[in-house]
Asks: 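Structure in structure tokens, see below.
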Number of protein chains: 2
Amino acid sequence: MVQRRKQDRSKVSIEQVLAAALELFSNQGFGATSMRNIADQSGLSMGNLYHHFPNKEAIFQKLLDRYFERLEDPDNPLQKVLRKADFPNDLEALARAIEGVVEENSAYILLIYIDVVEFKGAHIRSFYEGMAARFEEVYGAQLEARKTAGEFGDVDPLVAVIMATRWFFYFFTVEKCFHVPMHFGMSPKEATSEFIRLLRYGLLPRLGSDAAPKPLDT
Amino acid sequence: MVQRRKQDRSKVSIEQVLAAALELFSNQGFGATSMRNIADQSGLSMGNLYHHFPNKEAIFQKLLDRYFERLEDPDNPLQKVLRKADFPNDLEALARAIEGVVEENSAYILLIYIDVVEFKGAHIRSFYEGMAARFEEVYGAQLEARKTAGEFGDVDPLVAVIMATRWFFYFFTVEKCFHVPMHFGMSPKEATSEFIRLLRYGLLPRLGSDAAPKPLDT
DNA sequence: CAATACAGAACGAGCGCTCGGTTTGTTTAT
DNA sequence: ATAAACAAACCGAGCGCTCGTTCTGTATTG
């Protein structure tokens, strides 16, 4: 017969609360989700809920913390791609990794937008503010070396990595979390490969060493 | 003495409601904004509020309708840039137009995300689904002509326009609505010009007619 | 005198959270 | 081994309050 220890029981309950809250928050927002909803969905009582969490916002906070931990986890496929620093050869792999991450965390990603809307981004700001520095840390040295070796043009590859990563996140978030499929008027496959092509080779055909066409305005 | 006509009175009241609701919704979300909040902020009574609008959601809907009308208005600076179809010479102008539109409509733009979070995007889906077709309509003929004239490489310029437009919207939305300044680790000016450069010329230096480096994976 | 614009009390439901109490599992004393 | 003592886990009724909406009635206007 299985003997369940006390702290195991607690752990399971907390997981049930978080799972229920994630589903409810991501489907109806923070304000529209009541503690009774969470209690019902998780199978816990109101009292027990407040035994494990001081208030509703703490549950929300805990969920966001989880997501950021997942993102930064070295085992995350996105982190693996990034740490190989084989940009821009790995753009296709980067796209696929981010598609997977967004798919797998679509509920968590919606929490980000809930925070923006209902809390003015209070719970996520520090994470996003530190993002560029984290990129630099993981990526900076290798790419800088390759740049001075002349692998890239006069573009900063670190900037390009950030842009590509953010673009993929944005694109797949709209596709998978906002439920607006084909919002570019093309399939995700097409959109991704077109973006990659633009990023690699640009829009204008640069035949020979022609000067770039002068911009009409700056 | 100013004689105010009856329907003018009504019109003013409705404007007051919409202004109040826009501010409140965009600052605290739909669910967290009460009809009493809106009544107080607009200076109307509860009864009068319900005299002009059948329910809370109708106010929200009306605000979104307004925003989409503004966006499609031919006088909108963004529309003017788009209709000139001077892509990609006008990328800087496009960026500035979108920066202005986002700045001027930041409260409305937040409503979009509120709709995604609290209504699963029910009020905005049709607008975004039709967006690619509208681009095609406004832009398609001219760009297609210029493409067959050989102005572009093998990239579809329509795709590039959509990507550029969406990217600028995304970038300035995060900057101005989500209150995450410098989220790419650089100033908006830098980010914009870097993105434009990438879009025009790409990341890789294509010297002469060299073959493009083989991608590691597809 | 209509019809429209406006006011605010009232309604039932639901909110976040508290509180007193029970159950369950572990530790300690005998 | 057993009982007593303790703390963590759990329960749900209840508190004060606010919610979206409705209702009844009064000003204002043409």
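Chain A is the first sequence line, chain B the second, and so forth, proteins listed ahead of strands; every chain is numbered from 1.
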Asks: Find the bend of the helix from C/dC1-D/dG30 to C/dT30-D/dA1 as the angle between its two terminal axes (five pairs each), to the nearest 10°.
Replies: 0°
Asks: Tell me if the aromatic rings of B/Phe195 and B/Phe171 count as close, with their centers under 6.0 Å from one another.
Replies: no
Asks: Answer yes or no for B/Arg70 and B/Tyr67: cation-pi contact, defined as NZ/CZ to six-membered ring centre under 6.0 Å and angle to ring axis within 45°.
Replies: no
Asks: For the pair made of NZ in B/Lys56 and P in C/dA13, what is the distance, rounded to whole Å?
Replies: 19 Å
Asks: For A/Lys176, what residues pass the salt bridge (Lys or Arg N to Asp or Glu O under 4.0 Å) criterion, not counting sequence neighbours?
Replies: A/Glu99, A/Glu103
Asks: For B/Asn76, does its backbone N or O pair with a side-chain atom of B/Gln79 as donor and acceptor, under 3.5 Å?
Replies: no
Asks: Quick one: list whatever passes ring pair (Phe, Tyr, Trp, His ring centres under 6.0 Å) with A/Phe60, sequence neighbours left out.
Replies: A/Phe25, A/Phe30, A/Phe119, A/His123
Asks: Closer than 3.5 angstrom, by distance alone: can the side chain of B/His179 be matched with the main-chain N or O of B/Cys177 as a donor-acceptor pair?
Replies: yes
Asks: May I ask you to list the residues of residues 28-36 of chain A, by number, that have any heavy atom positioned under 4.0 Å from an atom of DNA chain C?
Replies: A/Thr33, A/Ser34, A/Met35, A/Arg36
Asks: Do A/Arg197 side-chain atoms and B/Val155 backbone N/O form a donor-acceptor pair below 3.5 Å?
Replies: no
Asks: Heavy atoms only: give me the nearest A/Asp156-B/Glu194 pair and the separation to one decimal.
Replies: N-OE1, 4.4 Å
Asks: Closer than 3.5 angstrom, by distance alone: can the side chain of B/Gln41 be matched with the main-chain N or O of B/Leu24 as a donor-acceptor pair?
Replies: no
Asks: Taking only heavy atoms on the protein side, list every residue of residues 38-54 of chain B lying under 4.0 Å from any atom of DNA chain D, sorted numerically.
Replies: B/Met46, B/Tyr50
Asks: For the pair made of NZ in A/Lys11 and C1' in C/dT24, what is the distance, rounded to whole Å?
Replies: 20 Å
Asks: Could you tell me whether the side chain of A/Asn48 and the main chain of A/His51 form a donor-acceptor pair under 3.5 Å?
Replies: no
Asks: Donor-acceptor pair, B/Arg146 side chain versus B/Phe87 backbone, under 3.5 Å?
Replies: yes
Asks: Would you check if the side chain of A/Arg200 reaches a backbone N or O of A/Pro88 as a donor-acceptor pair within less than 3.5 Å?
Replies: yes
Asks: Going by heavy atoms closer than 4.0 Å, what residues in residues 59-66 of chain A are next to DNA chain C?
Replies: none
Asks: Between atom CE of B/Met186 and atom CE of A/Met163, what is the distance when rounded to the nearest 0.5 Å?
Replies: 4.5 Å
Asks: Any side-chain N or O of A/Ser13 less than 4.0 Å from the OP1 or OP2 oxygen of D/dA9?
Replies: no
